[in-house]
Every structure is written in C-alpha cells, then in structure tokens.
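The structure appears below as structure tokens.
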Amino acid sequence: MKSSMAIWLSVLSVWLLTFASYAQEDTSTPISQEEKKSAPIDSQAALKPAHLTLPADALTDGIYADYYQLLKKDIQRISDQAKQIGAVLALQDALFPERYVLDNNLRDLLRPLNDNYEDQVEALVGPVCNDDQGKPASCAPQAGSPGCETKEPLSCTLTGFTVNKARLETWQKDYKQYALTADQLTALSTLQDKIFTHQYQLKMAWHLSAPKNSAMALPSIRKAAAKTGDPPTGAPLNWQAIEDCACSPTISEQDKYTSYSYGMLPSWQTEPQQLDFGALNRIGLTSFTLESDDDISPPPNWKNERPYSDFIYLSQTYDTKVDLVLRQSDKGKRNWLDSRANQKLTDKLAQLISQPLDGFWLNNLKPWISFGFSERTSMAQGISLDLDWRYSGNEEQQAQIGFIKSLKQAFAKREGRLQVCQQEDAAPLPQGLSPLKALPGKDLNRTNSSACSLNTDRYYVNLVIPVEVLIAQNDNKAQDLNPGFYSFDNLATIEPFVNLFLVDFQNWQQAKQGSQDLLCHQDAAHFRQCMEELKAAIDSHDNAAQSRRLLAKMLPVFPLAHFAKAEDFNNALLFSDWNFSGAALWPLPLTAQQQRLLSQVLNPPPESASLFYQLYLDASQSLCALICPNRWPLRLVLFSLLTVLAGYGAVSLLLFELRELYDKTAFIAFLCVLPFAILTLLWCDPFWHRYQELILVITLVFFIFLLNYFRSRRKAQQQYP
C-alpha cells in the first residue's frame with residue numbers, strides 16, 4: 001500500500017513539474033530572430049567541442065566561426081558595403097520635404113548592409129522645423145503635430161526631414177557601420193585567401209597590414225571572414241635565403257652576453273620571404289594556440305611532410321633555429337592548478353618540438369654520418385611562451401613556475417642531457433657534486449631542481465613578457481598595475497630554466513600620471529625611451545646579481561614598422577646590444593638595409609690592422625659561407641670516403657696485391673691533402689666549431705704521422721734487393 005502510494009505521488013509530482021514548465025513557456029515573451037542571434041548562449045555551440053567556445057566579442061556580434069578567411073568575394077562585399085555606407089553618410093544634412101522619400105532612399109542603401117534596416121531607418125531620420133525667427137530647430141513629432149525640442153516651448157513649422165551628423169555617429173557606433181577607405185581596402189587585399197584559426201591572428205594580421213587608426217574596421221572584416229567547418233590546409237611557407245647567405249653566428253656555452261638576433265615571422269605569410277639567415281640566430285614562428293582544454297592548435301599549414309616542412313630544413317641548413325610561439329587562446333582561460341593537465345601539456349609540447357622531420361633522406365642519415373654526435377633535424381628547436389600571466393594568483397604562479405621547470409626538464413631529457421640546476425633556496429647537493437654535474441635520474445624529480453638552460457641547448461624555452469609590468473615595478477605611481485606572474489622575484493626564480501626573455505612592447509601604455517598618451521609602439525623615439533625605462537627598472541632591483549642574469553637573457557622586441565630610418569634602427573640596436581643581450585624583431589622579413597645594419601651591430605665581421613691577416617679573414621669568411629650551408633652533403637662525401645678507405649685497408653690485409661696503391665704518388669698526395677680538407681670542412685661546421693683547437697692538434701698530429709710513415713716506408717724500400 002505504501003509503495004503504491006509513493007508511486008502515485010511520484011507520478012503526480014512529475015506531472016505538476018511538467019505542467020509548470022509548459023505554463024512558464026506559454027507565459028514567456030516570444031524571442032525574436034535578432035535576439036536569438038545576440039543571445040549569450042548559442043544552441044549550436046553546445047554541440048561544438050570545448051575548444052571552439054566563442055570569445056566574448058564574437059558573441060556580441062552574433063558571429064560563430066571555426067576559422068577566418070577573406071575570399072575574393074568577401075573583399076568585394078566589404079568594398080560594396082563601403083560604397084553603401086559612403087552613400088548613407090553623403091545624405092548628411094540633406095533636406096527632404098517628405099519623410100517617405102528619405103525613408104525609401106535609406107532602405108535601399110541599408111537593405112544590403114543589415115537585416116534590421118527598418119530599425120536603422122528610425123534611428124537615422126529626424127524632422128527639421130523653423131522657429132518664429134526662421135532659424136532651423138531640432139523637431140520631434142508630438143501628438144499628431146510637430147513640436148520643437150527646445151528649452152522653452154516655441155511654435156515651429158515642420159520644413160522636412162534629414163539625417164544629421166549626431167544621428168550618423170550614433171548609428172555607426174551602435175551598428176558598427178564603418179566604411180573602409182581606399183588605403184584600407186588595398187591593405188585588405190593583402191590578406192586575401194590567408195587562413196586564421198583564431199580572431200587574435202586576424203586582428204594581428206590586420207594591425208600589421210592596415211594604416212594607422214584602422215581598428216574600427218575590424219568588426220566588419222571579422223564578420224565577412226568568419227567561416228565554419230574544417231579550415232583548409234593553405235599554402236606552405238616559402239622561405240628563401242638571400243644571395244651569398246652565410247650560416248647563423250655560432251654561440252658558445254661560455255657566451256653569457258651574446259648578441260642574440262631573434263626574428264619573428266607570422267605563419268600566414270606564405271609569399272616568398274627573402275631571409276638573411278646569417279644575421280638571425282633564431283626565428284619564432286607564430287601562431288600556435290593553447291586552447292582552454294589543453295589542446296594545441298597549430299597553423300593550418302603546419303605539417304610534417306614536404307613541401308610544408310621545407311622551410312624548417314632550409315633554416316637548419318643555415319644553422320638558424322626555429323621556435324614555436326605559443327599564445328593563449330582568446331576563447332577561455334586555462335586552469336594552471338591541475339598538475340596532471342600541466343604534465344600532459346608538457347608531454348604534448350615536447351613531442352611537438354622533437355618530432356623528426358620526414359621526407360628528407362639525408363636527415364635520416366645524419367646520426368650515421370656524424371658518428372652519433374648529431375641527431376635528425378626535428379620540427380622545431382624551441383618554444384616561446386606568450387601566455388599572458390599578468391593576472392595569475394599566488395597559487396597559479398607557483399604552478400606556472402613548476403610548469404616551466406617541467407618543460408625544460410622534458411626538453412633536456414629529449415636531448416639526452418641529465419644536468420640539473422640548483423636554485424639558491426634549494427637544499428645543498430650531495431658532497432662532491434657541482435650544480436651542473438650529472439645526477440641520477442631520481443634527483444631530476446626533486447622539486448627544487450630542474451635542467452639548467454645553456455646557450456648550447458638543442459631545445460630552448462623562451463618566455464614573452466609584457467614590458468609594462470616590468471617598468472611599473474619601478475614606478476611608485478603605478479600601484480594599480482599588478483605584475484602577476486611577471487614579478488622580479490618570479491623571473492629570478494625561473495631565470496635558470498629559461499633561455500631567453502622576449503620583452504613585448506606592442507600593447508603597452510606607460511603607467512605614469514600625465515603621460516598616458518606615451519605609447520612604446522608609437523614611433524622609434526618612444527620605443528627608445530621605453531627601453532631606457534626598462535633598463536632602469538631592472539637595475540633598480542635589490543639583487544644586482546639577479547638583475548645582471550636577467551639582462552643577459554633579455555631581448556626587446558623591435559616593431560620594425562617604426563624603423564624605416566637607418567639611423568634610428570642603428571641607434572636602437574646599439575642600445576639594445578649594450579644594455580640587454582641583443583634584439584628580437586617583429587615581423588620578418590627585414591629590408592636589405594635592416595639586414596646589413598643588424599649584421600654590423602650584433603655580429604660585426606672580424607677586422608685586423610694587418611693587411612695579410614685581413615685578407616685571410618675575408619677569405620675564410622667567404623669559404624665558410626660556401627661550405628657551411630652544404631656541410632651535410634660534404635659530411636656524407638667525407639663519411640663515404642673514409643668508409644671506402646677503411647674498407648680498402650681491411651681488404652688489403654688479406655689481398656697483398658691491393659697494397660700497391662699505397663706506393664702511388666697520387667695516393668700519397670691525396671692522403672696528405674685529406675687532413676686539410678677535413679680540417680677545412682670541420683672548421684666551418686657550426687657543430688665542430690667549438691672544437692677548433694682539438695681539430696687543429698689532431699690534424700697536425702695525423703699529418704706528421706703520415707709524413708713519417710711514408711718517409712720510413714721509402715727508406716725501407718731502398719734497402720730491398
């Protein structure tokens with residue numbers, strides 16, 4: 001009885017809840033189509049993956065996009081809209097005696113722009129009347145007859161209808177109706193067919209190509225470029241070396257204040273790019289995106305197959321390393337407190353970076369022809385984290401520090417290096433072990449130690465820092481600016497595990513009273529002033545040793561658009577090289593003049609007062625410029641030659657007839673020339689460059705041994721009957 005009673009009560013409660021929900025739906029206000037478009041929750045978005053959640057600005061526009069691409073028809077549509085908006089603006093202050101005439105004109109112009117053109121007509125059209133003195137006044141209809149909106153009631157006569165300037169400005173602001181100028185349309189054509197997987201990439205590309213003060217045109221561009229579905233692959237990157245291009249400058253482990261040259265190049269620039277690899281140590285490829293669900297979104301033209309990976313192999317040919325620039329997605333915030341997710345992300349990045357290049361047969365032979373000293377070229381040689389941690393809390397900051405340590409440790413394991421780096425606040429190492437001595441694997445898991453960053457690391461970990469948080473820490477007036485993760489203490493903590501700090505000047509407004517209009521990215525003079533303030537802020541840190549270590553790894557990011565003058569660029573490079581550790585450049589490619597100045601300032605060629613020695617230096621530099629890019633084919637020839645000689649020598653031990661070759665004058669001359677050929681090849685090789693003294697000694701010893709061997713053999717032959 002009780003069970004049946006419970007069943008009936010359950011059925012009754014379900015029926016009441018269902019009735020209440022239907023009643024609530026029936027009494028609710030119907031939702032229009034326009035309200036559905038601007039609703040904060042899209043019914044289709046619930047069916048999308050988590051990493052495709054819309055950013056806030058896209059939701060307000062009612063735009064849902066899986067990627068962005070401006071096709072030819074999209075640009076034509078924007079051009080037509082510009083003409084329509086221009087026609088609307090041309091109606092300003094034009095007087096129409098009848099309202100319906102003006103309304104019809106506006107409808108014809110607004111219909112191609114928006115669906116809600118009727119509302120826009122109401123917002124634009126206003127009546128005009130004359131007061132008793134015959135002066136026009138702003139009128140509004142009142143109860144069947146027009147009246148004037150003035151401080152005191154006046155009798156007025158309606159004279160017509162118009163669209164005034166105030167209504168047009170309000171219309172443009174409310175409905176985002178801005179007409180692109182001719183210069184902006186020309187800049188827009190440079191983005192045709194390029195693929196952007198995120199809004200920030202489209203915004204970045206528009207900022208680089210468009211004239212100044214073009215931000216208002218971005219909403220209409222974003223709306224036209226929004227596409228759904230899987231993005232197409234796109235064209236591969238086409239990097240080309242300039243004529244007579246040399247290898248990148250060699251960096252030794254002992255160089256603490258090396259003049260680094262770090263270029264940054266967008267992944268959507270698929271046109272042929274003429275690059276001077278000899279002036280660039282590293283190139284950062286944007287844009288890889290970290291989604292809120294730990295998924296890493298690469299550019300659509302990032303593939304481990306030819307021809308998409310040719311640019312990586314070409315840069316490695318000139319010993320210029322390629323880093324991936326990882327930026328936080330604008331679609332959501334990641335939870336850095338999840339240690340398991342952080343470890344999973346670390347493994348993803350390590351796998352993404354260290355994946356060997358496919359499709360290059362010589363790349364597969366590199367471990368063999370280098371006798372195990374070199375590995376196959378990987379898809380990248382480092383990562384630059386541009387994740388904007390300005391608003392991280394204390395717990396998040398500790399998790400982010402641990403993430404950087406873990407990432408550096410994962411990279412060190414990938415390159416087979418088990419060195420650890422002891423922090424100042426860490427427990428002392430076991431007696432007899434230095435901070436850089438190899439420890440057992442279990443010591444790598446200590447919470448206060450991780451792999452040290454060295455100049456010769458195969459894989460780099462770099463960090464992008466917004467400049468305002470560094471300068472503000474030396475500005476007592478800017479107390480409202482919270483540095484978050486980028487405090488001097490945190491930077492000093494992670495400094496041993498970071499290879500380079502890239503200081504971003506692009507989106508900074510100086511946080512000082514009375515100088516809010518001073519932008520670091522405004523022109524070359526403001527950029528130079530901001531570099532001076534950055535240097536002063538770091539020098540003001542209490543720990544001078546920590547300040548020196550930070551400056552030794554810090555590179556200001558130069559906005560190249562502001563350095564058209566050679567003098568400005570040269571002076572800024574000199575200041576950056578003297579006070580920091582070189583310069584980063586955004587975006588590549590450089591002009592011929594900028595390439596020349598960059599090489600002269602950061603990597604000046606050696607000079608000597610001796611004419612003979614200067615001729616030797618010039619000849620050596622020209623020879624290495626020819627040998628270094630072709631070092632791997634030459635290594636293959638050398639390896640094959642040595643293999644044949646070793647095989648011939650082994651067989652000649654069994655077949656005496658083959659030893660006749662050893663008495664040939666040509667063979668003896670070949671063996672005498674071979675050490676010098678090996679010396680020349682290895683001397684110009686970036687990997688063996690660090691062992692120059694050892695190579696020279698071994699070559700001389702081997703050459704002397706050959707001379708003595710053949711001399712003794714000649715003497716022995718003279719005594720034969």
Side-chain angles (χ1 to χ4, degrees), residues 256-264 284 325 384-390 462-495 498-563 568-586 598 601-602:
K256 293 184 178 180
Y257 292 90
T258 304
S259 298
Y260 284 97
S261 51
Y262 193 103
M264 305 178 75
V325 181
S384 297
L385 303 174
D386 185 10
L387 300 178
D388 193 6
W389 288 339
R390 286 176 293 180
N462 310 319
L463 184 66
V464 179
I465 307 175
V467 70
E468 73 270 16
V469 296
L470 298 179
I471 295 180
Q473 294 180 66
N474 189 37
D475 185 4
N476 296 327
K477 299 178 182 179
Q479 299 295 335
D480 56 333
L481 188 60
N482 180 17
F485 176 83
Y486 306 106
S487 65
F488 283 138
D489 292 337
N490 286 345
L491 296 181
T493 301
I494 65 172
E495 178 271 325
V498 174
N499 294 93
L500 295 173
F501 293 103
L502 308 177
V503 185
D504 183 17
F505 287 73
Q506 285 292 320
N507 301 316
W508 181 69
Q509 184 171 350
Q510 192 171 0
K512 287 186 176 181
Q513 293 183 357
S515 61
Q516 287 82 3
D517 56 341
L518 180 58
L519 301 176
C520 287
H521 58 87
Q522 186 171 346
D523 52 37
H526 290 82
F527 181 82
R528 169 64 180 270
Q529 183 175 347
C530 290
M531 280 201 300
E532 294 174 355
E533 295 195 16
L534 172 62
K535 177 64 165 55
I538 298 176
D539 287 341
S540 66
H541 190 44
D542 296 336
N543 193 322
Q546 289 181 355
S547 297
R548 287 194 300 270
R549 289 196 295 269
L550 288 176
L551 290 174
K553 296 183 176 182
M554 194 164 287
L555 304 180
V557 180
F558 281 51
L560 292 177
H562 304 314
F563 292 99
D568 293 339
F569 190 59
N570 184 75
N571 294 336
L573 282 176
L574 287 172
F575 182 87
S576 182
D577 189 34
W578 291 342
N579 296 278
F580 300 99
S581 191
L585 310 162
W586 167 260
L598 182 66
V601 173
L602 299 186

Report the residues that fulfil side chain to side chain donor-acceptor pair (under 3.5 Å) with [X], sequence neighbours left out, ordered by chain and then residue number.
| X | answer |
| --- | --- |
| Asp539 | Lys535 |
| Asn499 | Lys408, Asp457 |
| Ser384 | Tyr262, Asn462 |

Worksheet, complete the sentence: Residue pairs passing the ring-ring contact (aromatic ring centres under 6.0 Å, His included) test with at least one member in residues 531-559, sequence neighbours excluded, are Phe488-His541, Phe527-Phe558, Phe558-Phe563

Item to complete: Report the C-alpha separation of Phe485 and Leu387 in whole Å, then their side-chain angles, then the decisive distance to 0.1 Å, and conclude whether the side chain to side chain contact (heavy atoms under 4.5 Å, CB included) test is met.
Response: CA-CA 11 Å; Phe485 176 83; Leu387 300 178; over 6 Å; no

Taking the side chain as C-beta and beyond, is there a heavy-atom pair between [X] and [Y] under 4.5 Å?
| X | Y | result |
| --- | --- | --- |
| Asn490 | Ile494 | no |
| Glu495 | Lys553 | yes |
| Ile465 | Leu491 | yes |
| His562 | His526 | no |
| Leu585 | Leu598 | yes |

Taking all non-hydrogen atoms of both residues into account, name the closest pair between [X] and [Y] and its distance.
| X | Y | value |
| --- | --- | --- |
| Ala584 | Leu555 | N-CB, 4.1 Å |
| Met531 | Phe580 | O-CZ, 3.8 Å |
| Phe505 | Leu534 | CZ-CD2, 3.9 Å |
| Met554 | Val503 | CG-CG2, 3.3 Å |
| Asn571 | Arg528 | O-NH1, 4.0 Å |
| Leu602 | Gly582 | CD2-CA, 4.3 Å |

Practice prompt. Output all residues satisfying salt bridge (Lys or Arg N to Asp or Glu O under 4.0 Å) with Asp386, sequence neighbours left out; order by chain, then residue number.
Written response: none

Practice prompt. Just jot down the salt bridge (Lys or Arg N to Asp or Glu O under 4.0 Å) partners of Asp489, sequence neighbours excluded, or say none.
Written response: none

Item to complete: Check step by step if side chain to side chain contact (heavy atoms under 4.5 Å, CB included) holds for Asn579 and Leu551.
Response: CA-CA 7 Å; Asn579 296 278; Leu551 290 174; over 6 Å; no

Discussion item. Taking Leu573's backbone N and O only, do any of them form a donor-acceptor pair with Asp577's side chain (distance below 3.5 Å, no angle check)?
Written reply: no

Practice prompt. Give a yes or no on whether the backbone of Tyr486 and the side-chain of Gln473 come within a donor-acceptor separation of less than 3.5 Å.
Written response: yes

Practice prompt. Measure the spacing between CG of Asp504 and CG of Leu463 and express it to the nearest 0.5 Å.
Written response: 11.5 Å

